[in-house]
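Data first, discussion second: the structure below is written as structure tokens.
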Amino acid sequence: MPIAYRELAKNTFLVIAALFPIVNPIGNTPLFLSLTRGLSSEARSVLARMIAINGLTLIVISIFVGTYILTFFGISLPVVQVGGGLVVISTGWALLRRPAGDDFDGNDVKSDCTEKNYLRQAFYPLTLPLTVGPHSLSVAIAVGANRREGSEWQWPLIAGMLLGSVLIAAAIYLSYRFAERLGRTLGESAMDVIIRLSSFILVCIGVQILWNGLSALLRAVNS
């Protein structure tokens with residue numbers, strides 16, 4: 001396999017592995033069902049598509065622009081990598097240790113959707129914070145910062161990040177669109193196994209991002 005395509009696959013997997021356990025569209029389907037109780041299948045389909053598009057927009061902006069916003073305030077890329085790596089490790093560890101069946105702590109929305117108001121709730125609260133919350137955005141920024149110096153405009157990096165983000169959005173759409181069917185097919189045990197494995201991978205990714213930042217800082221000190 002050519003190096004460029006190997007880099008494309010690596011960057012795509014990085015986005016999916018880092019964000020999927022936090023976005024957790026499969027795990028959020030029970031809450032999505034409860035918040036959209038009473039909606040028709042057509043309305044749920046429209047809502048799922050809008051949430052996926054909103055989530056994709058937030059993730060892409062965080063990955064590609066978030067680092068530059070921080071740099072504007074004088075925060076260097078290695079520091080972003082160190083801080084982001086710590087956030088990723090902390091988030092993955094919290095997900096790994098979370099008791100089975102617990103809801104995500106940002107999902108504190110109690111109002112249900114109706115046929116009259118569901119379009120207004122597509123962004124808040126169903127996209128933010130239910131689907132793509134502060135943890136997801138901070139991890140997306142950390143993932144965007146996890147690149148080698150001078151690789152910003154290489155197409156495998158850009159395409160891989162975009163492809164990974166699109167696949168996350170597709171997972172959001174499919175999970176919410178077929179939430180009722182998923183709830184019946186997957187039991188709690190299967191869901192818990194998926195989340196535990198994804199969370200462990202997330203911790204490993206956080207350690208790698210942290211090490212990339214520390215390595216750059218150590219090289220700067222020794223030079």
Side-chain angles (χ1 to χ4, degrees), residues 15-63 66 87-88 90-143 164-188 190-192 194-196 198-199 202:
V15 174
I16 295 173
L19 288 175
F20 186 81
I22 304 176
V23 175
N24 191 17
I26 297 176
N28 282 336
T29 51
L31 186 59
F32 175 77
L33 284 173
S34 67
L35 291 175
T36 57
R37 187 182 297 110
L39 287 185
S40 63
S41 178
E42 293 77 11
R44 262 204 190 109
S45 177
V46 172
L47 199 54
R49 184 169 61 251
M50 294 177 67
I51 294 171
I53 293 173
N54 291 339
L56 174 63
T57 302
L58 290 174
I59 291 171
V60 169
I61 290 175
S62 298
I63 288 176
V87 170
V88 175
S90 174
T91 304
W93 184 251
L95 289 170
L96 194 62
R97 297 190 59 191
R98 187 176 64 181
D102 276 13
D103 291 332
F104 179 65
D105 56 8
N107 299 333
D108 55 354
V109 181
K110 298 180 175 59
S111 57
D112 293 341
C113 286
T114 67
E115 292 288 341
K116 293 182 179 180
N117 72 357
Y118 75 90
L119 290 177
R120 289 180 305 191
Q121 297 195 34
F123 183 79
Y124 180 84
L126 293 176
T127 300
L128 182 73
L130 171 63
T131 307
V132 181
H135 281 121
S136 302
L137 298 180
S138 62
V139 170
I141 293 174
V143 168
S165 302
V166 169
L167 291 175
I168 291 291
I172 293 171
Y173 172 75
L174 293 174
S175 297
Y176 288 178
R177 175 66 181 85
F178 302 103
E180 292 184 46
R181 193 176 304 175
L182 278 172
R184 290 193 299 266
T185 303
L186 291 175
E188 290 186 7
M191 260 189 198
D192 188 58
I194 293 172
I195 297 305
R196 302 296 174 184
S198 301
S199 300
L202 182 62

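Atoms considered below: every heavy atom in the structure, side chains included; atoms not considered: hydrogens, waters and symmetry mates. All residue numbers in this chain count up from 1 along the given sequence.
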Between [atom1] of [X] and [atom2] of [Y], what distance do you get to the nearest 0.5 Å?
X      : Y     : atom1 : atom2 : value
Arg181 : Thr29 : CZ    : OG1   : 13.5 Å
Leu137 : Leu19 : CG    : CG    : 9.0 Å
Ile22  : Phe20 : CD1   : CZ    : 12.0 Å
Leu47  : Glu42 : CG    : CD    : 13.0 Å

Can you tell me if Tyr176 and Thr131 form a side-chain donor-acceptor pair at under 3.5 Å?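 The answer is yes; a qualifying pair exists.
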Answer yes or no: is there a side-chain heavy-atom contact under 4.5 Å between [X] and [Y]?
X     : Y      : result
Ile26 : Ser175 : yes
Leu33 : Arg44  : yes
Asn28 : Ile172 : no
Ile53 : Arg49  : yes

Residue pair [X] / [Y]: nearest heavy atoms and the distance that separates them:
X      : Y      : value
Ser138 : Val87  : OG-CG1, 3.4 Å
Ala17  : Pro21  : O-CD, 3.2 Å
Ala52  : Tyr173 : CB-CB, 3.8 Å

What residues, two or more places apart in sequence or in another chain, satisfy side chain to side chain contact (heavy atoms under 4.5 Å, CB included) together with Leu56?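 Leu56 satisfies side chain to side chain contact (heavy atoms under 4.5 Å, CB included) with Val60, Ser165, Val166, Ala169 once adjacent residues are dropped.
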Using the side-chain hydrogen bond (donor to acceptor under 3.5 Å, both in side chains) criterion, which residues pair with Arg177? Sequence neighbours excluded.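 So Arg177 forms a side-chain hydrogen bond (donor to acceptor under 3.5 Å, both in side chains) with Ser45.
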Thr57 pairs by side chain to side chain contact (heavy atoms under 4.5 Å, CB included) with which of Ile59, Asn54, Ile61?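 Answer to the side chain to side chain contact (heavy atoms under 4.5 Å, CB included) test with Thr57 among Ile59, Asn54, Ile61: Ile61.
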